[in-house]
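The chains referred to below are lettered A, B, ... by the order of the sequence lines, with proteins before strands, and numbering in each begins at 1. Computed from a predicted structure; not experimentally measured. Values reported hereafter were calculated over all heavy atoms of this structure, with side chains retained and with hydrogens, waters and symmetry mates removed.
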Amino acid sequence: MTDDILRITDTSLTDGQDAVWENTLTTPMVTRLAALLDRARLATIEALSPAVIASCLARGEDPWQRIKDIRAHAPGTRLRASINSMTSHGIHGLDVLPQAVLNDWVNQMSQAGIDEVLVSDPMLNTERLQGIIASIKATGMRSIAVLPFINAVGNNALADTADMLKATGADAIQLRDEAGVLSAERLAEVLPILRARLGDLPVSLHIRCVTGLGPLVAFEAVRLGIRELDTALPTLANGPSLPSSLNLLRGMPATGVTVAGPVAGQLETAEDWLADLAAREGLEASLPWNFDLAPYIHTLTGTAARQAYTVLEKTKAWHQLHDFSHECATIAQELGNVPVVAPFADPIAQQALWNIAAKARWTRIHPVLRRVIQEIYGPPRTAPDPGLAAKIGRIRVGASPTPFSGCLAEQIGGVPARIVPPISYAETTPLEALTHGLLEHVQRSDGFSFVDVAGPDAHIHLHLNRGPHV
Amino acid sequence: MFEHLKQQVAAARGPNAKPRTITLTDSTFRDGQQCLWATRMRTEHMLPVAEKLDAAGFDTLETLALVQYDGAVIFLQENPFERLRLQRQRIRKTPMRAAVRSNMLSGFAPVGFDITKLFIDCQIAAGARDIAFLESLHAWEIIAPGVAHAKAQGVKTTVAVLYNDAPGYDASYYAQVAREAVEKLGIDRIMFADAGGTMTLAAVRAIIPAIRGAIGDVVLEFNTHCMTGLGPILALEAAVLGADNLFVSTEPMAFGPAPPGAQMIARNLRALGFRVDLDDRALDEVSEYLGALAAREGHPVGIPAEYDPRQYQTQYAGGALENMKAQLAAAGIGDRLGEVLDEITRVRLDLGSPIMATPFPAIVAAQAVMNVLHGERYRVVPDEVKKYVCGHYGKLRIAIEGNVADKIIGNGAKGIALDPPELPPVLPALRARYPGMDDEGLILRFMYGEERINALKAARTDVAFSVRHPLEDLVRGLDKMGAGARAHISGTDFSFRAG
């Protein structure tokens, strides 16, 4: 047995299902999966993200209850959540979340059972980051500051940012490549520089498989000494998502690296359950994507890339992939080199689709990008295109809008929350689920009139008199 | 990565030079369907899109190799020469490539040159304008007569140089092999082929420049497969490093175990600053057809592969491994598979690491099984192993360790000549057996026997073949409308009512 431990964080419940299934998983589904993951001796399960908060609200679920339920079902594994200081929902005063809201968010997560928090500030504002990290430290949770990997940023500039993040007091740094453009060669160059600057501060890695090379980079990362890595279960891995944990564990011996990691057998059990759920719910399992140079041009996050690629395929515009990619890059540059990460990546992708479909560019302007131009998110990194500012209105100064009175989750997710009492989820047997479904269906005016279901231990016979058609 | 590759292309081009043109060889009808459909694409499937492929701008269309002969005759009851002829009627502009495998025509026993020469002639007569020669041991003396004959007939000649991940198969080896092929055979093109899809970026970066430097202006074609997920980037890097032509397959008959996709490669080559004279939009129509065909026939399309380092560990996999498992189980030693696989690795090294392309996986495996069964290595030697060591399959470029060679020669069958025997002509006896038979008939009967050839059926060439089934789609759609739906459809000569 080796002392060299590979600490894997499973992100199936957050980034994986966000990238592949648009956050379709309900709280009962994720708690069941968390219980299975708990047996695998993972370092961490990522339980909550801003996207998951919004999707919970849309479904009438309480995101904080989700964490509590996951905590209860996965008592043996540390839980992680991610926090982003910026939003895209457009609620006035909450584009950049005030420190008070961020503090509430941190405290809520701590009370619900989160152990570690991943902190993103897209504009890398030192003061904001320090505030969030201090808030996290006050709760006793572990703080991990996100160091975004941008291909165009040189190694030393990246290391300078890492220094800044270290100075915020973060307990660890995550090198985060949401666009999946970090190559094995670049990783080999940048890691020694980061280690030299950061000393003992742990560096973890988050990569996506947008170029198809993500798994290769993951193996190389472990070979280079990275010992904290984000992954997902195979059904939710690859493509716009993260590398597969099982592929990594199964292939590791072939690389000559011996590490102790999660229990592959238990991960397989979790994967089997997830694959079965996907089949039952009509959800497509994720597949690897082909290599293409487009991601190096558009640098969209995996989630934004998937959504845009889907539109290009559906509108039979796949041959315009590189045109679209160049348009994304041009937009980001025109906006003053806005970082192509949440909350800006999706709007940039949407704007690019509009621009290439329209006769004139910027005929329509995405609301988030409008706010970027208005510098609501902060000043741009470089001078923006002067023509863009002329296309939008000025912000009225002096008027004080009514402060938003929604709950914390609404402030983060921007989705109206229905007031629901705490929900108790109980697992139903397949027979119970079938009966319930049949009874629901029979109520519909276009529902079937006659159903006869027979099984080894059940016989259901429904006959509804609908009049002449019986 | 993108900027780095673009800079390399720009630097190689020079400031005012025009973009370098990269041509593409399409292998949809050959390798794409071989990898994905196990050669089950019928001639009638190919004909509706043959003209479009011809017009798309490919440099070469690879249409047939020996595996497709097997597939056509044995599984589809089709005449492969007829397939070539029908393709040629539609493919008028782009040279069609057929192939010759060493001096083996039927199975994996070497045969006299006379029948190989006739085989080349028949393929040319049927429409091939490019003959690719595959010689897995790179023993150029074996294929020299065939290359010379093909050149004399006025067709292009391509020689495959096969990638092998093994000791001794380094950049200098490949430079030498490629140089000899050019100097001794006078070929038009070197195809550097990674049939197993196990090439690494490091290998491409070392070997392509070495071959490029060794072969002068001869066209360098790069062939890989995508089973590790790296195929596309390997192909693009090969172009950056000097390859003139890339081997592709039209999507979705691409990726996964198949070559990279034509449209994806063209798009990305242009992004790097190359010129590619391909009509991508026209190919998209072919892709739509191929996707519908795959769905209709119940065959898979290419799915991108997930990179897995275990793929590089064993080069004895896939169908060969499954056969091995079955054979060991039948012999009652299925539990010793692990030992046999370990011994395969050792035997392969002992034998100079032959490329694991047919027939060598079977030869290596046979010796490995004997070694495991009998305890003492090389105490029992299958005939093919002794023949291999004595050069019957071609002169070995990488020497076998003396002790091993001695054991094999000493313990192998005494009747096996230490020097490769002169291969007797085949045709006299064949013509005597089938008097009056045309050349194609002779070739096919030699390869497959009378019974199989008599069972061949003519390919469908009428326009009735379609991937669309409008009537079925209509009935399905009406069914979905459910009870209460009414439909009335009438045409010039029919009326249809439902509901």
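- In terms of modelled atom types and a separation under 3.5 Å, the side chain of B:Asn268 and the main chain of A:Leu293 share a donor-acceptor contact.
- Counting non-hydrogen atoms of other residues, nucleotides and ligands closer than 6.0 Å to CZ of B:Arg13 gives a total above 12.
- For chain B, the nearby part of A:Leu213 is the side chain; its heavy atoms alone come within less than 4.5 Å.
- Proximity to chain B (any heavy atom under 4.5 Å) is shown, for A:Phe291, by both the backbone and the side chain.
- Proximity to chain A is limited to the side chain of B:Arg281, based on heavy atoms less than 4.5 angstrom apart.
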| message | Does A:Trp318 form a side chain to side chain contact (heavy atoms under 4.5 Å, CB included) with B:Arg267? I'd like the steps, not just the answer. | response | CA-CA 11 Å; A:Trp318 187 252; B:Arg267 179 172 68 234; 3.6 Å; yes
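- For the pair A:Gly251 and B:Asp308, the tightest heavy-atom approach, listed with the atom from each and the gap, is CA-OD1, 4.0 Å.
- Contact between B:Pro304 and A:Pro288 at its shortest, heavy atoms only, is CG-O, 3.3 Å.
- Pairing each heavy atom of A:Asn247 with each of B:Tyr307, the nearest pair is ND2-O, 2.8 Å.
- Between A:Glu185 and B:Arg205, at least one side-chain N (NZ, or NE/NH1/NH2) sits under 4.0 Å from a carboxylate O, which counts as a salt bridge.
- At a 4.5 Å heavy-atom cutoff, the contact between A:Ser244 and chain B is made by backbone and side-chain atoms alike.
- With a 4.5 Å cut-off on non-hydrogen atoms, B:Leu236 touches chain A through its side chain but not through its backbone.
- Both the backbone and the side chain of A:Arg250 come within contact range of chain B, with heavy atoms under 4.5 Å apart.
- Looking at B:Ala305, only its backbone comes within 4.5 Å of chain A, counting heavy atoms on both sides.
- With a 4.5 angstrom heavy-atom cutoff, B:Ile303 touches chain A only via side-chain atoms.
- Both the backbone and the side chain of A:Asn290 come within contact range of chain B, with heavy atoms under 4.5 Å apart.
- Chain B forms more heavy-atom pairs under 4.5 Å with one residue of A:Asp292, A:Leu287, A:Asn238 than with any other, namely A:Asp292.
- Taken to the nearest 0.5 Å, the NE2 atom of B:His4 stands 9.0 Å off from the OG atom of A:Ser183.
- Ion pairing between B:Asp284 and A:Lys316 fails under the 4.0 Å rule for side-chain N and carboxylate O.
- With a threshold of 4.5 angstrom between heavy atoms, A:Leu321 approaches chain B through side-chain atoms but not through N, CA, C or O.
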